[in-house]
Amino acid sequence: MSAAAWERTLGVRNADETHALAAGLGAQLRAGDLLVLTGELGAGKTTFTQGLGEGLGVRAGIISPTFVLVRIHPNLPDGPRPGGPDLVHVDAYRLGSASEIDDIDLENTMDSAVTVVEWGRGRVEHLSDSRLEVELLRSLGGGTHAPEAHSPENTHDTGAAQDPDVLDFDTDDDDEPRTIVVRGFGPRWVDPPVFPAPAGNDPLPYPLEEN
């Protein structure tokens, strides 16, 4: 597997900053872009994807694709980016291999949409010669890093109930600081995108590190 062209380590203090950072990134994305999200329970993957959706100008209502494999959020013709790409949001947790990814026919939308895959590391890299990898790390409770492990948040069984104790940024009581590591791969991402700071009076703690 090829090495990343660059890496940015960014710090956010709360859900609003996570959302704003992702919205700024989303505004720079275009059809054909692939993003791979990694993070433990409560790391803020859904909040990050909601921000991407805002920046892309797609229909609101993005939730974690817990009980389905794929959700498609269409571009809004009266939104900030009319005629822009749709957002395809994928949960690859129970897809154990690249061949199982192929079975859900993502190639049919890859060229016309921005594709965001949760739990996609090691499963979706073959879909494009370029990708952004986004790793969200909790600073409290879960340590600095957790491997992709089995969890109620990432099941597809429609008969399963989501654990009410699982916390994410889209709850009211897990609004913690996060570290977000973004890596660029392939010719599309030879140069990193701009990571604009959200509006506010206090300076943000990111970027923390650039490589």
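- Of the possible polar contacts, none joining the R131 side chain to the G186 backbone as a donor-acceptor pair under 3.5 Å is found.
- I72 contributes atom CD1, which lies 8.5 Å from atom OG of S112 (distance to the nearest 0.5 angstrom).
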query: Taking it one step at a time, do L127 and T115 satisfy side-chain contact (heavy atoms from CB on, under 4.5 Å)?
result: CA-CA 10 Å; L127 293 175; T115 303; 5.6 Å; no
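- Between P82 and P77, the closest heavy-atom pair is CB-O, 3.1 Å.
- Contact of the I180 side chain with the V182 side chain is registered, since non-hydrogen atoms from C-beta on lie closer than 4.5 Å.
- Under a 3.5 Å cut-off, the side chain of K45 and the backbone N or O of L136 do not form any donor-acceptor pair.
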message: Set out, in order, the CA-CA distance, both residues' side-chain angles and the distance that settles side-chain contact (heavy atoms from CB on, under 4.5 Å) for T109 and D86, then state yes or no.
response: CA-CA 9 Å; T109 56; D86 298 339; over 6 Å; no
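- Each of R81, R30, H73, Q28 was evaluated against L56; a single residue qualifies, R81, per the side-chain contact (heavy atoms from CB on, under 4.5 Å) test.
- Here the options are L21, V116, T47, the test is side-chain contact (heavy atoms from CB on, under 4.5 Å), and the partner is L52; only V116 passes.
- When all heavy atoms of R123 and E125 are compared, the closest pair comes out as N-OE1, 3.1 Å.
- Of the possible donor and acceptor atoms, none in the side chain of D111 sits under 3.5 Å from a partner among the backbone N and O of G32.
- Rounded to the nearest 0.5 Å, atoms CZ (R138) and CD (E40) are 5.0 Å apart.
- Applying the side chain to side chain donor-acceptor pair (under 3.5 Å) test to pairs two or more places apart or on separate chains, those with a residue in residues 182-195 are E7-R183, D33-R188, E135-R183.
- Between S130 and S128 the shortest heavy-atom distance is O-OG, 2.8 Å.
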message: Pair V70, L106 - check side-chain contact (heavy atoms from CB on, under 4.5 Å), show working.
response: CA-CA 9 Å; V70 181; L106 289 179; 4.3 Å; yes
- request: May I have the step-by-step check of side-chain contact (heavy atoms from CB on, under 4.5 Å) for V58 and V114, ending in yes or no?
  value: CA-CA 11 Å; V58 303; V114 170; over 6 Å; no
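- Taken together through direct or relayed side-chain contacts under 4.5 Å among Ile, Leu, Val, Met, Phe, Trp and Tyr, V36 and L69 form part of one hydrophobic cluster.
- Here the shortest heavy-atom pairing between P85 and A113 reads CB-CA, 4.0 Å.
- At least one side-chain heavy atom of D129 sits less than 4.5 Å from a side-chain heavy atom of P187.
- To the nearest 0.5 Å, atom CD of residue E54 and atom CG of residue L87 are 12.5 Å apart.
- With T49 as reference, L37 is the one residue of L35, I63, V134, L37 to meet the side-chain contact (heavy atoms from CB on, under 4.5 Å) rule.
- Using a 4.5 Å heavy-atom threshold, the side chains of V190 and W6 count as separate.
- For the pair A92 and I101, the tightest heavy-atom approach, listed with the atom from each and the gap, is CB-CD1, 3.9 Å.
- In this structure, H89 and I62 have side chains that are in contact, with non-hydrogen atoms separated by less than 4.5 Å.
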